[in-house]
Amino acid sequence: MNILEASFLSAVLTAMTPVVLAALGGLICQVAGVFNIALEGQLLWGAFTAVVFSHLTGSAWAGVAGAMIVTLLYAAVLSLASVTFRADPIVVAVGTNLLALGLTAFLMRQIFGSGGTYSSPDLAGLPTIAELGLDVPVLGPQSPLVPLALVLVAAVAWWLRRTRSGLRLRGIGQHQAAAAALGLKVGVYRHGVVLAAGALCGLAGAQLALGNVTLFSEGMSAGRGWVAVVAVMLGGVLPWRVLLACLLFGVAEAVGFRLQGVGLPQQAADSAPYVITLFALILAGVAARRRPKEVS
């Protein structure tokens, strides 16, 4: 297996892009001092609404726009509960994750008349970069959302370090009371990042359902939102480290697909990315515990 083959690199990008987009949402929430574990449910909701809008309009781009808008509104539940009413964000996020799982399964039967998986030749998927007339090696068979995700990583890194609002957001996350004393509207910033994270998860869901494949199946997020949470835990508030953590997941998933071709059971191949992600999280935890001892 040659990991430098264009097809392998393309598979890595395909696998990691939904996770990167969701993890960026989690990252900006983390910077503001909000630990957002609602990414899984929002990603699933984004995938479902992208397929619904694509099905109703016949346009994949309408699916992307619909997914971002509706998932942003879905994220408003977490925003209002945790920021305005000061409810425990962990409890609220778990509730919204479970709601997304049940609600998408229910609405799927109401809208499409079937459960399990919905796919149709009439369902519009995202065009590839090559189909748009751009000849870019590796990126050719990808949807435009793949390079967009990489651009967003750079944009978020620049925003957090070079803009006034980004620096203020970091200040809010580091010391909320001091930021409030200086006159910063902490609630407004936190509402903004939670809603922005919802829009990013909607974009991630659209890529998963209309870019990686062209269908919706119940629970198709398959833990990717949780992997995004782990990526934020590994990367902290540094976008490039979060990207590397997502790259690890993408490589593991691409390797798993390749190993299926040589006889590895599908269940083992499907679990490989999550096992490697968990192993990386354990190593990071061990390193974090040892660090203070080394300093002393």
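One is the number of the first residue; the rest follow in order along the sequence. From a predicted model like this one, the values you see are computed outputs, not experimental measurements.
Of all the heavy atoms in A197 and N36, the pair that sits closest is CB-ND2, 4.0 Å. Summarising the geometry of V156 relative to P239, their closest heavy-atom pair is CG1-CG, 4.1 Å, with the distance given to 0.1 Å. Of all the heavy atoms in A209 and A47, the pair that sits closest is CB-O, 3.6 Å. When all heavy atoms are compared, the tightest approach of G63 to F53 is CA-CB, 3.6 Å. The minimum heavy-atom distance linking A179 with I172 is given by the pair CB-CG1, 3.8 Å. Nearest heavy-atom pair, L39 versus C201, reported as atom, atom and distance to 0.1 Å: CD2-SG, 3.7 Å.
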CA sep, side-chain torsions, deciding dist, call: L126, Q207, side-chain contact (heavy atoms from CB on, under 4.5 Å): CA-CA 8 Å; L126 286 167; Q207 168 62 25; 4.1 Å; yes
When you look at V255 and F8, which way does the side-chain contact (heavy atoms from CB on, under 4.5 Å) test go after all the steps? CA-CA 8 Å; V255 169; F8 180 81; 3.8 Å; yes
Residues V146, T14; criterion side-chain contact (heavy atoms from CB on, under 4.5 Å); working and verdict: CA-CA 7 Å; V146 172; T14 298; 5.7 Å; no
I'd like to know whether V51 forms a side-chain contact (heavy atoms from CB on, under 4.5 Å) with F112, so could you lay out the CA-CA distance, the side-chain angles of the two residues, the decisive distance to 0.1 Å, and finally the verdict. CA-CA 10 Å; V51 170; F112 302 123; 3.9 Å; yes
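The ring of F216 has its center no closer than 6.0 angstrom to the ring center of Y118.
Proximity of a side-chain donor or acceptor of T71 to a complementary backbone N or O of M68 within less than 3.5 Å is not detected. At distances below 3.5 Å, at least one donor-acceptor pair connects side-chain atoms of R109 with backbone N or O atoms of A105. Side-chain N or O atoms of T104 include one that pairs as donor or acceptor with a backbone N or O of L101 at under 3.5 Å. Looking only at distances, no side-chain donor or acceptor of S54 sits under 3.5 Å from a matching main-chain atom of L123.
Remark: F106 CZ is loosely packed, at most 12 non-hydrogen atoms of other residues, nucleotides or ligands lying under 6.0 Å away.
Of the inter-residue distances, the one linking S165 atom OG with L184 atom CG reads 11.0 Å to the nearest 0.5 angstrom. Here the straight-line distance linking atom CD1 of I37 with atom CD1 of I90 works out to 4.0 Å at 0.5 Å rounding.
Both V251 and W240 belong to a common hydrophobic cluster when Ile, Leu, Val, Met, Phe, Trp and Tyr are linked at side-chain heavy-atom distances under 4.5 angstrom.
No side-chain N or O of T96 forms a donor-acceptor pair with one of Q42 less than 3.5 Å apart.
Within the 4.5 Å cutoff, side-chain heavy atoms of V194 are placed close to those of C29. Looking at W226 and N97, their side chains come closer than 4.5 Å, going by heavy atoms from C-beta outward. Between M233 and V229 there is a side-chain heavy-atom pair separated by less than 4.5 Å.
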